[in-house]
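What follows is a short report on a single structure.
In what follows, chains are A, B, ... by sequence order, proteins preceding strands, each numbered from 1.
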Amino acid sequence: MAGLSSRSGRRLVIGIPSFWLFVFFFLPFLILLYISFVDMGESVHPFKPLWDPATGVLQLKYENYLSIFQSAEGAWLKTIYIEAYLRSIWYALCTAILCLVIGYPFAYFIARSAPSIRPALLLLVMLPFWTSFLLRVYAWKGILGDYGVINQMIMGLGLSSQPVQLLYTDVSMLIGMTYVYLPFMVLPLYATLVKMDFRLLEAAYDLGATPWKAFWLVTVPLSKAGIIAGFMLVFIPSVGEFVIPSLLGGPENIMIGRVVWDEMFTGNNWPRASALAVVMILLIVVPLAIYYRYSGNRSEAGSP
Amino acid sequence: MAETNGQEGYLVAENLVKRFAEVVAVDDVSLSIGKGEIFALLGSSGCGKSTLLRMLAGFEAPSSGRIFLGGQDVTSLPPYERPVNMMFQSYALFPHLSTWDNVAFGLMREGLPRAEIQKRTDEMLALVQLSAFANRKPHQLSGGQQQRVALARSLAKRPRLLLLDEPLGALDKKLREQTQFELVNIIENVGVTCVMVTHDQEEAMTMANRIAVMSKGRVLQVGTPQEIYEFPSNRFVADFIGNVNLLEGQLSLDAADRCAVTTALGEVQVGYGVSGSLAMPVAVAVRPEKISIGRQRPAAIDRNLFAGRVTEIGYFGAYNSYIVVTPQGIKIKINEPNGSRHVMPNISWEDDVFFWWEDTDAVVLRD
């Protein structure tokens with residue numbers, strides 16, 4: 001009896017999240033996929049059905065995808081969409097690298113601090129989540145704006161007679177993204193670093209490794225799982241990030257989140273917006289799947 | 001016993017002190033260890049033996065004092081510049097590296113040519129009989145195999161000093177006995193000077209040429225295992241090593257070749273002289289296995305013969321252990337070897353018995 005109930009309990013525990021993901025992630029994705037293959041609608045209906053209700057003729061359209069990859073002049077990959085994808089991936093990559101560079105020493109410091117003060121330090125990492133995300137991003141406008149804190153200081157010190165353009169640049173956007181996503185890097189890094197046996201570093205010193213060598217040869221390989229997890233947690237949402245670029249970013253460097261928004265709400269072109277979203281998901285999911293397959297095989301071979 | 005190749009003072013610790021805030025972990029320790037010697041630091045946890053070992057390795061800087069190795073002052077050298085390697089208690093094998101890479105780690109840091117690294121790593125793996133496991137990761141090895149990888153790794157750089165931190169602590173009892181001889185054989189074949197830390201007196205006795213017994217940061221006695229066991233220099237060492245009956249009393253006779261101590265049990269005769277004054281408080285230590293026990297009063301014995309009643313008998317297979325309580329209420333522990341299978345012990349609970357020992361079997365302790 002106990003075995004039966006624990007088995008059904010296990011099914012419930014796995015089943016509920018699976019059901020949730022199915023209903024609120026997989027089904028919407030299928031709808032998205034469906035819309036991406038039909039034509040734009042007129043007036044009230046944003047898109048046309050796949051089968052014409054009057055004639056029953058299939059109206060499958062792949063032009064939505066074609067227009068992403070081929071410009072109106074027929075040139076391949078020279079579209080504003082491809083540009084926006086590449087730019088988004090580039091900025092997401094920069095954000096993830098910045099978070100890693102800033103977050104790693106931080107996570108390392110927490111993991112090596114006395115166990116009694118670790119909860120307090122972790123709380124500091126999570127403290128920003130207690131304030132609204134939008135408020136925090138808006139606060140950067142106050143800091144980076146023409147008459148914000150930093151420019152006041154620059155002018156007060158006499159370094160410049162007029163405000164320096166900080167806001168609405170790549171720099172301000174990267175600052176905002178790095179700031180917002182930093183905890184997502186620190187937490188998984190901390191989780192792997194805190195499990196590391198620091199006697200291994202002593203063993204490395206003992207065998208002739210300088211502290212710097214020991215860090216690269218022991219600490220970094222052993223925190224690989226945390227580095228990859230943190231990188232994914234920052235990179236993936238950064239690619240599709242919409243709010244931070246539109247609040248802090250420049251007007252000329254449009255990212256893919258903004259393009260999807262414009263197609264959807266300004267152009268009212270639901271099918272193309274859907275196609276853009278599907279391509280974005282594939283861009284992220286395919287490398288991830290390849291990575292997981294590779295790492296899955298390795299763990300079967302017995303690596304820790 | 002101690003084959004130190006006649007070279008005293010290969011590793012010298014001079015007045016080493018280590019303080020952690022208020023606590024003095026190592027308190028003015030001086031040691032001189034010969035080349036090729038296997039030297040054990042023995043003591044219970046918190047006695048400072050591990051801190052001393054960590055100072056030798058370079059992980060802790062002494063608060064004061066100096067360390068010399070082969071005449072060179074290594075006190076301020078960081079661990080990665082010392083010709084010293086350590087086998088860690090939990091082995092501290094790199095989990096992401098194979099057996100081969102673990103052993104080669106130190107050689108690679110020296111920047112040796114690839115062929116040389118290959119040759120020496122293979123030699124080391126052959127030495128610990130793990131050549132077949134070169135490509136395994138540490139978690140795919142048994143405890144005993146991991147221990148041998150750790151040993152090979154710490155010997156690969158041909159250190160001038162090998163440190164062993166509780167070398168057998170992580171192994172189960174059966175494996176420990178087998179491994180300790182193997183370990184000593186390998187260390188002696190390589191000929192490396194070795195300092196080991198252990199809380200296990202058997203481990204120290206069987207492996208080491210000399211032992212330093214430590215307590216509260218201080219070294220109480222240094223000597224061969226036999227010296228430490230048979231001639232403990234103070235109460236702590238006598239009590240810590242093996243079992244002992246300690247009888248407190250005063251020196252009542254002090255001759256050149258013998259002395260006597262008045263204890264609560266009566267006068268105890270000791271077959272050698274001590275330096276001291278009469279009425280000085282001392283303790284007499286007698287090991288349980290040195291005491292004989294019998295139901296009949298032995299006719300030929302006239303000294304160190306006492307009576308008591310058996311209150312406990314423990315059967316340990318190889319020997320029987322008795323607790324005898326004397327009329328004065330003193331508990332004496334006596335071990336009798338189990339020589340023959342057929343003779344049932346003729347002593348049982350609540351028997352009145354006599355017990356005695358040779359006057360050369362007792363030790364007088366002043367400290």
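- The candidate with the highest count of non-hydrogen atom pairs below 4.5 Å against chain A, out of Arg82(B), Glu81(B), Met87(B), Arg153(B), is Arg153(B).
- Ala204(A) touches chain B through backbone and side chain together, each having a heavy atom under 4.5 Å away.
- When the shell of 6.0 Å around CZ of Arg136(A) is examined, it contains more than 12 heavy atoms from other residues, nucleotides or ligands.
- Contact of Leu163(B) with chain A is not made at all, since no heavy-atom distance falls under 4.5 Å.
- With a 6.0 Å radius and a threshold of 12 heavy atoms from other residues, nucleotides or ligands, Phe129(A) has its CZ atom above the threshold.
- Both the backbone and the side chain of Leu217(A) come within contact range of chain B, each with at least one heavy atom under 4.5 Å from a heavy atom of that chain.
- Interface remark: Leu200(A) contributes backbone and side-chain atoms alike to the contact with chain B (heavy atom separation under 4.5 Å).
- Contact of Arg54(B) with chain A is made through the side chain alone, with heavy-atom distances under 4.5 Å.
- In this structure, Phe109(A) places its CZ atom where only 12 or fewer heavy-atom neighbours from other residues, nucleotides or ligands lie under 6.0 Å away.
- For Pro211(A) against Tyr80(B), the heavy-atom pair with the smallest separation is CD-CE2, 3.3 Å.
- Residues Asp206(A) and Val84(B) come closest through the heavy atom pair OD1-O, 3.5 Å.
- When side chains are defined from C-beta on, Phe88(B) does not count as touching Asp197(A), because their heavy atoms never get closer than 4.5 Å.
- By the neighbour-count criterion of 12 heavy atoms within 6.0 Å, atom CZ of Phe26(A) is sparsely surrounded, having that number or fewer from other residues, nucleotides or ligands.
- Proximity to chain A (any heavy atom under 4.5 Å) is restricted, for Phe59(B), to the side chain, taken from C-beta onward.
- When all heavy atoms of Lys157(B) and Gly208(A) are compared, the pair lying nearest together is NZ-CA, 3.6 Å.
- Inspection of non-hydrogen atoms places Phe105(B), Gly106(B), Arg109(B) of residues 103-118 of chain B under 4.5 Å from chain A.
- The minimum heavy-atom distance linking Ala92(B) with Arg199(A) is given by the pair CB-O, 4.1 Å.
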